[in-house]
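Contents: one structure, followed by commentary.
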Amino acid sequence: MILAIDTSTQALSIALVNDQTVLGEFSTTIKKTHSVQAMPAVEQLMQHCNAKPTDITRIVVAKGPGSYTGVRIGVTLAKTLAWTLGSELIGISSLASLAQNGAYFDGYIVPIIDGRRGQVFTSLFNCKNGLLTRVSDDQIILCDQWTTELAALEKPLLFIGADTLIHQQTITAVLGKQAYFAHSAMNMPRASQLALLSIGLASEDIHSFTPNYARLAEAETNWLTAQNEGKQ
């Protein structure tokens, strides 16, 4: 039985999956701190599914990129539960989980999470017969630079994720009719996708497992800048 947790964006999603069957899923975009909502959501979902903590054999978490605080909350919760319950731990890219929502699009799938200052966390996937293949690694890049690179593919592109609305004007200006945008219902991360993507993957070491922030936190960047300036 798999417990999946995604707190990497504004949305919170928790799912319980057994033998590839989704037993239950809880998702919300209510603007409350994930640290307040996540654990009660896990407990409530398990109660509704008549599941006990000892039933959980695998914890799957969206490991980023995304909201620095959100990713950290999800990973901390997953590691704590995995250690406490003696369960396997697996991290899945937040972008891969988003892309999976558009798995039957005939073309490339481009998940987008806003990275601020005109930047996006993104990657590229190819889709064929409902199966996704990763084309590029997760990265943070200026949206106008990314769309210019994508234009060279000369194939339909499905942009997916709630933050595509922030960058839709930039995307459309460069790509025109080459760009398609997912329906709003497809833009919410789903923890059940995380769980299903984890099937067949090897477990990770709980102690060494770390999130993928795709960039340093602003405080770390400022500290490194100050250190470099001090050496000059």
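Just so you know, these numbers use all the heavy atoms, side chains as well, and skip hydrogens, waters and symmetry mates.
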message: Any non-hydrogen side-chain atom of L81 less than 4.5 Å from a side-chain atom of L3?
response: yes
query: Between F121 and G115, which heavy-atom pair has the shortest distance, and what is it?
result: CE1-CA, 3.8 Å
field: Atom of T29, atom of A11 and distance for their closest heavy-atom approach
entry: CG2-CB, 4.0 Å
- prompt: Taking only residues two or more places apart in sequence, or in another chain, which ones meet D55 in a salt bridge (Lys or Arg N to Asp or Glu O under 4.0 Å)?
  reply: K52
- line: Residue set satisfying side chain to side chain contact (heavy atoms under 4.5 Å, CB included) with C127, at least two apart, ordered chain then number -> I109, L132
Distance-only donor-acceptor hits, side chain of residues 153-165, under 3.5 Å, sequence neighbours excluded:
residue: D163; atom: OD2; partner: D114; partner atom: N; Å: 2.8
residue: T164; atom: OG1; partner: G161; partner atom: O; Å: 2.8

message: Hydrophobic clustering (ILVMFWY, side-chain heavy atoms < 4.5 Å, transitive) - are M1 and L45 grouped together?
response: yes
- request: Go through Q139 and W146 one step at a time and tell me if the side-chain contact (heavy atoms from CB on, under 4.5 Å) criterion holds.
  value: CA-CA 10 Å; Q139 62 177 322; W146 181 229; 3.2 Å; yes
query: Judged by atom type as modelled, is there a donor-acceptor pair below 3.5 Å linking the side chain of R117 to the main-chain atoms of Q119?
result: no
field: Selection residues 78-91 - residue pairs positive for salt bridge (charged side-chain N to carboxylate O under 4.0 Å, His left out), sequence neighbours left out
entry: R58-E88
- line: dist T148:OG1 -> L142:CG (nearest 0.5 Å) comes out at 10.0 Å
task: Please answer whether the main-chain N or O of G64 pairs with a side-chain N or O of S94 as donor and acceptor at a distance below 3.5 Å.
output: yes
N/O donor-acceptor pairs under 3.5 Å from side chains in residues 197-204, not counting sequence neighbours:
residue: S198; atom: OG; partner: A195; partner atom: O; Å: 2.7
residue: E204; atom: OE2; partner: G91; partner atom: N; Å: 2.9

- request: May I ask you to test the M39-V42 pair for a side-chain heavy-atom distance under 4.5 Å?
  value: yes
query: V22 and I5: same hydrophobic cluster, using ILVMFWY side-chain contacts below 4.5 Å?
result: no
- request: Provide the full list of salt bridge (charged side-chain N to carboxylate O under 4.0 Å, His left out) pairs with a residue in residues 180-203, sequence neighbours left out, each pair given once.
  value: E25-R190
Side-chain H-bond candidate by donor/acceptor type, T21 with D19, under 3.5 Å: no
- prompt: Where do L95 and I112 come nearest, in terms of heavy atoms and distance?
  reply: CD2-N, 4.4 Å
- request: Compare all side-chain heavy atoms of Y68 with those of P211 and state whether any distance is below 4.5 angstrom.
  value: no
message: With side-chain contact (heavy atoms from CB on, under 4.5 Å) as the test, pick out the partner of T122 among T147, V110, L98, I113.
response: V110
- prompt: Do you know the tightest heavy-atom contact between S8 and V71?
  reply: CB-CG2, 3.7 Å
task: Establish whether I59 and L77 are linked, either directly or via other cluster members, by ILVMFWY side-chain heavy-atom contacts under 4.5 Å.
output: yes
task: Heavy atoms only: give me the nearest W83-I206 pair and the separation to one decimal.
output: N-CD1, 3.8 Å
statement: Taking every heavy atom of S97 against every heavy atom of D6, the minimum-distance pair comes out as OG-OD2, 4.3 Å
query: Under a 4.5 Å cut-off applied to non-hydrogen side-chain atoms, are F209 and V61 in contact?
result: yes
- request: Check the hydrophobic clustering (I, L, V, M, F, W, Y; side-chain heavy atoms under 4.5 Å; chains of links allowed) and say if I14 and L16 are grouped together.
  value: yes
- prompt: Are M46 and P53 side-chain neighbours, meaning at least one heavy-atom pair lies under 4.5 Å?
  reply: yes
task: Give the other cluster members for I73, using side-chain heavy-atom distances under 4.5 Å between Ile, Leu, Val, Met, Phe, Trp and Tyr residues; answer none if it is isolated.
output: none
query: Are the side chain of S123 and the backbone N or O of D137 linked by a donor-acceptor pair below 3.5 Å?
result: no
- prompt: Is there any salt bridge (charged side-chain N to carboxylate O under 4.0 Å, His left out) pair reaching into residues 165-185, and which pairs are they, with sequence neighbours excluded?
  reply: none
message: I'd like to know if V75 and L194 are part of one continuous hydrophobic network [Ile/Leu/Val/Met/Phe/Trp/Tyr, side-chain heavy atoms within less than 4.5 Å].
response: no
- prompt: Distance-only, no hydrogens or angles: does the T28 side chain make a donor-acceptor pair with backbone N or O of I30 under 3.5 Å?
  reply: yes
- prompt: Considering the options I140, T170, I171, I141, which one meets the side-chain contact (heavy atoms from CB on, under 4.5 Å) requirement together with V120?
  reply: I141
message: The criterion is ring-ring contact (aromatic ring centres under 6.0 Å, His included); which residues satisfy it with F105, sequence neighbours excluded?
response: Y180
query: Does the side chain of L89 come within less than 4.5 Å of V60's, by heavy atoms?
result: no
- line: The complete set of side chain to side chain donor-acceptor pair (under 3.5 Å) pairs with one or both residues in residues 99-110, sequence neighbours excluded, reads N101-Q193
- prompt: Who are the ring-ring contact (aromatic ring centres under 6.0 Å, His included) partners of H183, not counting sequence neighbours?
  reply: none
task: Could you tell me which residues satisfy side chain to side chain donor-acceptor pair (under 3.5 Å) with S93, sequence neighbours excluded, listed by chain and number?
output: D138
- request: Measure the spacing between CZ of R72 and OG1 of T7 and express it to the nearest 0.5 Å.
  value: 10.5 Å
query: Sub-3.5 Å donor-acceptor pair from the side chain of T57 to the main-chain atoms of S87, do we have one?
result: no
